Amino acid sequence: MTKTALITGASRGLGAALAEALCDTHHIIAVAKTTGALEELDDRIQAKGGTATLAPMDVTNADAMATLCRGIFDRWGALDIWLHTAVHAPPLTPAPLIDAKDLSKSVNCNITATSTLISFVAPLLGMTGRAVFFDDPHTGDKFFGSYAATKAAQIALARSWQAETRNTGPQVQILTPAPMPTAVRARFFPGEDRTPLNDPKTEAQRLLAQL
C-alpha cells in the first residue's frame, strides 16, 4: 500500500525540502498557495521517480481544507504523516506599532488554521499516523511580537494534542529546525550573511532522521 505524506506549506523552503526527501517512500500531497512553485516541486519529485498530488490552496480556507481532507479519505482512506510548515511571517515591528491586519493574518494562519487542520487531519491519521510541527522560538525577541506570539500559540496547540494522544495515537512530534536561508528568514533578517545557514535539503534529512 502506498504511504502518503501531507505537507502544508510545501512550495518552498523546508516544506519543499521535506517533500523531496520523502518522495522516495511516500506519495506527496503538497499544499501551498503558489501554483507555480508547486509545479516546480512536482517536476523535481518526478525527476526522482516520485509522485505527488498538488493542492494549490490557502490553509486558512477551512472549506478548501475540508474538501482536501475528504479527498484524501476517498482516495487513500488514511494518511501516514502530516508535516505542517505553513506559516505567516508578518513584518517585524515594535509592539506598540503592530498592524491589526498583519496580526489578524498571523492569527488566522498560525493559530486558527492549525487548529482547524488538526480537527480535519486527526481522523485521517488514526492511531498509527504521525503529525509533525516545527518550532521557531522567538518569544521575547524585540520586534517579533506578532510572529512570536502566534507561532508560540501554534506550538502550544501541538503540545496539547501531543499530550492528549500520547497513549492513543496519532504520534505528535515537535521539531526545531536550524536556521536556513528561507524566504521567511529573509523577511526577518534582510542583508544577513546566508553562508553559515543550513541548506534546507540537508536540514530536512536531519529532521526526518529524528522521527
Side-chain angles (χ1 to χ4, degrees), residues 1-61 64-65 67-73 75-89 109-110 113-114 117-118 120-122 124-125 128-136 151 154 158 170-186 197-211:
M1 179 179 293
T2 302
K3 290 185 177 182
T4 51
L6 170 65
I7 302 177
T8 39
S11 61
R12 57 174 64 91
L14 180 60
L18 290 166
E20 291 184 62
L22 280 171
C23 73
D24 292 337
T25 55
H26 292 69
H27 177 80
I28 304 299
I29 304 159
V31 179
K33 291 189 292 185
T34 311
T35 302
L38 284 178
E39 291 173 344
E40 291 172 2
L41 172 65
D42 187 41
D43 289 342
R44 297 195 300 273
I45 288 174
Q46 289 190 44
K48 294 184 65 176
T51 60
T53 296
L54 306 183
M57 300 175 175
D58 186 339
V59 295
T60 65
N61 185 327
M65 292 301 99
T67 299
L68 173 68
C69 290
R70 176 62 198 222
I72 292 171
F73 176 77
R75 183 169 177 182
W76 294 285
L79 189 64
D80 292 289
I81 187 169
W82 169 37
L83 300 108
H84 185 49
T85 67
V87 69
H88 177 68
C109 182
N110 302 344
T114 300
L117 279 164
I118 289 173
F120 290 163
V121 175
L124 295 171
L125 295 173
T128 59
R130 186 190 308 264
V132 187
F133 298 87
F134 300 92
D135 199 3
D136 186 16
K151 186 64 178 176
Q154 180 191 82
Q171 184 175 358
V172 178
Q173 290 181 262
I174 300 164
L175 305 179
T176 303
M180 295 170 287
T182 61
V184 169
R185 186 174 178 88
L197 303 180
N198 287 27
D199 179 75
K201 292 184 178 180
T202 302
E203 189 61 11
Q205 294 288 355
R206 184 187 73 83
L207 292 167
L208 291 174
Q210 298 179 37
L211 301 183

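Just so it is clear, the structure is predicted and the values come from calculations on it, not from any experiment. Along the sequence shown, the residues carry numbers beginning at 1.
Annotation: side-chain contact (heavy atoms from CB on, under 4.5 Å) contacts of Thr176 (sequence neighbours excluded): Asp135, Pro137. Under the salt bridge (Lys or Arg N to Asp or Glu O under 4.0 Å) criterion, Lys33 pairs with no residue at all, not counting sequence neighbours. In this structure Thr202 satisfies the side-chain contact (heavy atoms from CB on, under 4.5 Å) test together with Asp199, sequence neighbours excluded. Residues meeting the salt bridge (Lys or Arg N to Asp or Glu O under 4.0 Å) test with Glu20, sequence neighbours left out: Arg44, Lys201. Under the salt bridge (Lys or Arg N to Asp or Glu O under 4.0 Å) criterion, Arg75 pairs with no residue, sequence neighbours left out. With sequence neighbours left out, Ala113 forms a side-chain contact (heavy atoms from CB on, under 4.5 Å) with Val59, Thr60.
The nearest pair of heavy atoms linking Val184 to Ala89 is CG1-CB, 3.8 Å. When all heavy atoms of Gly129 and Pro170 are compared, the closest pair comes out as O-CB, 3.3 Å. A pairwise comparison of heavy atoms in Asn198 and Glu203 identifies ND2-OE1, 3.2 Å as the closest pair. Closest of all the heavy-atom pairs between Ala158 and Val172 is O-CG1, 3.7 Å. Closest of all the heavy-atom pairs between Trp82 and Thr114 is CH2-O, 4.4 Å. When all heavy atoms of Leu14 and Thr182 are compared, the pair lying nearest together is N-CG2, 4.5 Å.
Paired with Ile72 under the rule side chain to side chain contact (heavy atoms under 4.5 Å, CB included), one option of Ile29, Thr53, Thr4 passes, and it is Ile29.
To the nearest 0.5 Å, atoms CD1 (Ile45) and CG (Asp24) are separated by 10.0 Å.
Around atom NZ of Lys3, no more than 12 heavy atoms belonging to other residues, nucleotides or ligands sit under 6.0 Å away.
Between Met65 and Met57, some side-chain heavy-atom pair lies under the 4.5 Å cut-off.
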